[in-house]
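The structure appears right after this line, and notes come after that.
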Amino acid sequence: MNAENTGPGLSCLVTGATGYIGGRLVPELLAEGHRVRCLARSPGRLRDHPWAGEADVVRGDVLDGAAVAEAMRGIDVAYYLVHALGTGTTFEETDRRAARIFGEQARAAGVRRIVYLGGLTPKGVPERELSPHLRSRAEVGRILLASGVPTTVLRAAVVIGSGSASFEMLRYLTERLPVMVTPSWVRTRIQPVAVRDVLRALVGSARMPAEVNRAFDIGGPDVLTYREMMTGYAAVAELPRRIILPVPVLTPGLSSHWVGLVTPVPAAIARPLAESLRHEVVCHEHDIARYVPDPPGHPLGFDEAVRLALQRVRDAQVTTRWSSASVPGAPSDPLPTDPDWAGGSLYTDVRELPVDASRADLWRVIEGIGGDNGWYSFPLAWAVRGRLDRLVGGVGLRRGRRDATRLRVGDSLDFWRVEEIEPGHLLRLRAEMRLPGLAWLEMCAETDDDGRTRYRQRALFHPHGLLGHAYWWSVSPFHALVFGGMARNIARTAARTPAAATRHPSPTG
């Protein structure tokens, strides 16, 4: 029996809308005529998404039963797309508690279906031998299936799509290393799936019959080793043939640091991905097609999925990235200038300069900062700081940008995250690097009393304990070089834009 794909739209609750899959699912549900409510700890981070005006966004955490209960009111289908991976050694218990709360509140609210995206687990492997990542995903699926609410659990292996952690790992490993010594897991057989097919299954699951309460394997038509995926990627990307030499000595921990060294994916995220590849992850059924039929050309093959993802990257049309979700443990205190700031020590570094350009020209430089454009001062210092951050388990400097020219609230930007943006005027970044305190960087395009453009830059640091104070004073001697040079170079770059050059010709013509 197929799911009904017609009829009035449903009311859908989406958790994890600030993440990679959730941020793409919301517009797909809206396009199908469904009503969407998003539960987010930081609703402001969804403000600049193209679909923000069409969805209802409410504040709440999946560990807060009252907030989940309120979000569930009037909901037909609840999507569970969150997990606590990377929040520490107790992440499995956190996942367990959150899933129980979600299931209990869905049942109490009369929700008609829960849809959960989990991980594909190897057949015949005892659960105790699975990676903590896969073990927790499997347990969450069981908890939701036992909640008393009809539940669809979709189990996927490697998701291929522009911006996914799995795709970025594959892309950077293949592009940066023409010859590579690799962990033995490159021989593991995997059944990758295109992100388009994951989204199609998620949307289609909303209308499954009430009697369906089970897990489904979802995957593409190709079963490949990771080595074959790398050589396949090289062929699609028209790269020279890669030489891959697997060795057995790289443990999951060591191989995750190897991945972290070569790719933008930090070791904290690379490790569960690598651990999940120790065992074969291949679909053992395709029963989902009984309820969500495959349209012509689907599921997409590996080569086509890679081609589409690469095209998105090259066209700068990556709507969400693996780094869209907050870094576990990232600071969440308010900016010190907010009315509800609790007080305490606050260090600032302020720079102001006149700019021989329009505010619009200056703003284009400000909004284009980071990624391939860099940070306009002492590149070596930024590179060293990023490398040190990765060595201590941070995100490092290589996350880059989602879009080369445009930013929105919630975007990751190297080791910062966009906390606030006022187009044409203000960009505020919050640090997600490992620090003994909280840090922000503000860049403003302003106009003075005489109508001239001014650039204003503020770095703020709220230290935690004695170590935080020591950190600030140890790096403050370099601020004139780093922050001062940054301000001067941003002003110069704005003045050199074609529009500025037309209005303010140089003395030499």
Side-chain angles (χ1 to χ4, degrees), residues 17-19 23 40-49 59 61 86-87 264 266 268-269 320-351 366-371 373-377 382 385-386 388-390 392-403 406-423 425-444 456-464 468 471-472 475 479 482-483 486-487 490:
T18 57
R41 287 177 296 177
S42 303
R45 289 185 48 205
L46 298 174
R47 186 191 71 196
D48 295 337
H49 284 256
R59 184 184 300 275
D61 191 296
T87 57
I269 294 176
T320 61
R321 299 178 69 219
W322 62 269
S323 55
S324 298
S326 295
V327 173
S332 58
D333 290 357
L335 182 72
T337 50
D338 288 351
D340 57 349
W341 177 249
S345 300
L346 181 68
Y347 294 110
T348 61
D349 181 281
V350 180
R351 312 276 167 170
I366 291 172
E367 192 176 11
I369 200 165
N373 291 328
W375 292 87
Y376 295 98
S377 72
W382 287 94
R385 184 64 183 86
L388 290 174
D389 192 54
R390 291 180 78 89
V392 296
V395 296
L397 192 65
R398 296 204 304 265
R399 289 192 301 185
R401 300 172 52 110
R402 178 189 57 84
D403 186 286
R406 296 181 300 275
L407 292 173
R408 66 190 185 200
V409 170
D411 272 0
S412 61
L413 181 59
D414 293 327
F415 48 39
W416 305 89
R417 189 170 297 277
V418 179
E419 181 174 90
E420 183 56 83
I421 186 167
E422 297 175 14
H425 171 54
L426 167 71
L427 174 63
R428 181 187 302 140
L429 306 175
R430 179 191 289 273
E432 289 191 334
M433 65 196 84
R434 295 296 178 93
L435 289 169
L438 307 175
W440 295 262
L441 179 62
E442 284 187 341
M443 291 164 275
C444 297
R456 186 171 190 270
Q457 175 181 294
R458 245 190 356 155
L460 304 99
F461 182 69
H462 176 61
H464 287 170
Y471 171 82
W472 175 265
V475 299
H479 286 174
V482 175
F483 291 131
M486 181 179 180
I490 285 176

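Worth knowing before you read on, the calculation uses all heavy atoms, side chains too, and leaves out hydrogens, waters and symmetry mates. As the structure is a computational prediction, the values presented were derived from the model and not from experiment.
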How long is the span from the [atom1] atom in [X] to the [atom2] atom in [Y], to the nearest 0.5 Å?
| X | Y | atom1 | atom2 | answer |
| --- | --- | --- | --- | --- |
| Leu427 | Gln457 | CG | CD | 11.0 Å |
| Leu441 | Arg428 | CG | CZ | 11.0 Å |
| Arg402 | Ser412 | CZ | OG | 9.0 Å |
| Thr18 | His49 | OG1 | NE2 | 7.5 Å |

I'd like to know if the side chain of [X] reaches the main chain of [Y], judged simply by a donor and an acceptor atom lying under 3.5 Å from each other, with no hydrogens or angles considered.
| X | Y | result |
| --- | --- | --- |
| Arg430 | Trp440 | no |
| Arg417 | Gly410 | yes |
| Glu367 | Leu407 | yes |

Identify the two heavy atoms, one from [X] and one from [Y], that lie closest to each other, and give their separation to 0.1 Å.
| X | Y | value |
| --- | --- | --- |
| Met486 | Trp375 | CG-O, 3.4 Å |
| Val482 | Ser377 | O-OG, 2.8 Å |
| Pro463 | Gly468 | CB-C, 3.5 Å |
| Trp416 | Ala439 | CZ3-O, 4.4 Å |
| Arg456 | Arg458 | NH1-CD, 3.8 Å |
| Gly368 | Asn373 | O-ND2, 2.6 Å |

Looking at Arg351 and Asp349, is there a salt bridge between them, counting it only when a charged N and a carboxylate O are closer than 4.0 Å? yes
Under a 4.0 Å N-O cut-off, is there an ion pair linking Arg47 with Glu420? yes
Taking the side chain as everything from C-beta on, heavy atoms only, tell me whether [X] gets closer than 4.5 Å to [Y].
| X | Y | result |
| --- | --- | --- |
| Leu413 | Ile369 | yes |
| Val418 | Arg408 | no |
| Arg434 | Phe415 | no |

Parallel, tilted or perpendicular: which one describes the rings of Tyr347 and Phe461, with boundaries at 30° and 60°? parallel
